[in-house]
Amino acid sequence: PVGVVGKIAEVGERISKVTLLTDPRFSAAAVIERTREQGLISGTLRGSCRMQYLPVTADVEVGDSIVTSKLSSFFPEGLLIGRIISVQENFTSPTFECLVKPAVPLSRIEEVLVVMSRQ
């Protein structure tokens, strides 16, 4: 109920491997809840995530909630991912990039609920 932890990478008979939200191999379509601006969330290996490809005209603020997008092929719409902790302009393209703190303290997870999305 707290938020997204990651996505299943491998399934076994008794165990599954999960790619955590903070892993650079993780990516998913995401949206800023307040403004509905779309972007791509990916891991950074520093305990945070990066939301990319937001247009420079986007209304983005520190503290904004990031949720899964209906464009995601992995998640149902509206699951909490985290909150924006900084906003940076990307000098190589006309976009913003945001640093996002995950809603779930990944280092303290003991149990997770697997949500199946049928696409």
Side-chain angles (χ1 to χ4, degrees):
V2 178
V4 174
V5 171
K7 59 186 173 186
I8 295 185
E10 291 181 37
V11 177
E13 189 174 312
R14 295 183 180 214
I15 193 166
S16 294
K17 290 185 181 179
V18 174
T19 301
L20 292 176
L21 184 64
T22 54
D23 189 309
R25 294 172 292 181
F26 177 94
S27 64
V31 64
I32 298 173
E33 193 171 37
R34 180 178 61 85
T35 63
R36 310 311 294 168
E37 294 283 355
Q38 299 279 339
L40 180 73
I41 196 91
S42 56
T44 66
L45 269 187
R46 293 185 299 252
S48 60
C49 301
R50 174 181 31 233
M51 187 167 180
Q52 300 173 285
Y53 309 116
L54 293 162
V56 290
T57 57
D59 179 8
V60 180
E61 296 178 5
V62 170
D64 279 344
S65 294
I66 306 300
V67 297
T68 54
S69 168
K70 65 182 172 184
L71 300 177
S72 175
S73 57
F74 298 104
F75 300 101
E77 181 180 8
L79 298 177
L80 182 62
I81 294 171
R83 296 198 184 279
I84 294 176
I85 55 175
S86 74
V87 180
Q88 305 143 7
E89 189 172 340
N90 186 337
F91 295 107
T92 60
S93 69
T95 61
F96 277 129
E97 202 169 277
C98 302
L99 197 58
V100 176
K101 180 180 179 184
V104 177
L106 299 177
S107 63
R108 293 187 275 160
I109 293 174
E110 293 184 20
E111 293 181 348
V112 296
L113 171 67
V114 176
V115 178
M116 305 252 326
S117 177
R118 296 182 189 249
Q119 299 288 338

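When side chains are defined from C-beta on, Ile32 counts as touching Leu54, because their heavy atoms get closer than 4.5 Å. In this structure the side chain of Thr22 never reaches within 4.5 angstrom of the side chain of Thr44, judged on heavy atoms. Looking at Val60 and Thr35, their side chains never come closer than 4.5 Å, going by heavy atoms from C-beta outward. Counting heavy atoms from C-beta outward, Met51 and Ile81 have side chains that stay 4.5 Å or more apart.
Hydrophobic clustering, with ILVMFWY side chains joined whenever heavy atoms are under 4.5 angstrom apart, groups Phe74 together with Phe26. Criterion: ILVMFWY side-chain heavy atoms under 4.5 Å apart, direct or through other members. Under it, Phe96 and Ile41 are part of a common hydrophobic cluster. One hydrophobic cluster holds both Val5 and Val2 under the rule that ILVMFWY side chains link at heavy-atom gaps under 4.5 Å. In the hydrophobic clustering of ILVMFWY residues, with side-chain heavy atoms under 4.5 Å counting as a link, Leu21 and Val67 come out apart.
Listed for the Thr68 side chain is a donor-acceptor partner under 3.5 Å among the backbone atoms of Leu79. One N or O on the side chain of Lys7 and one on the backbone of Ser27 form a donor-acceptor pair closer than 3.5 Å. Of the possible donor and acceptor atoms, none in the side chain of Asp23 sits under 3.5 Å from a partner among the backbone N and O of Leu20.
Across all non-hydrogen atoms, the minimal contact from Leu80 to Ser65 is CD1-CB, 4.2 Å. Taking each heavy atom of Ser42 and Gln52 in turn, the nearest pair found is OG-OE1, 3.6 Å.
Arg108 meets the side-chain contact (heavy atoms from CB on, under 4.5 Å) test with Pro105; sequence neighbours excluded.
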message = Could you go through Lys101 and Arg83, starting from their C-alpha distance and side-chain angles, then the distance that decides it, and tell me whether this counts as side-chain contact (heavy atoms from CB on, under 4.5 Å)?
response = CA-CA 5 Å; Lys101 180 180 179 184; Arg83 296 198 184 279; 5.5 Å; no
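Leu40 forms part of a hydrophobic cluster together with Tyr53, judged by ILVMFWY side-chain heavy-atom separations under 4.5 Å.
In this structure, CG on Leu106 lies 10.5 Å from OG on Ser48, to the nearest 0.5 angstrom. A distance of 6.5 Å separates SG of Cys98 from CD1 of Ile66, quoted to the nearest 0.5 Å. Distance CZ/Arg46 to CG/Leu99: 7.0 Å, rounded to 0.5 Å. For the atom pair CZ of Arg36 and CG of Asp59, the computed distance is 13.5 Å after rounding to the nearest 0.5 Å. In this structure, the separation between CD1 on Ile84 and CD on Glu61 is 9.0 Å, given to the nearest 0.5 Å.
Atom CD1 of Ile15 has 12 or fewer neighbouring heavy atoms from other residues, nucleotides or ligands inside a 6.0 Å radius. Other residues, nucleotides and ligands contribute more than 12 heavy atoms inside 6.0 Å of the CZ atom of Arg34.
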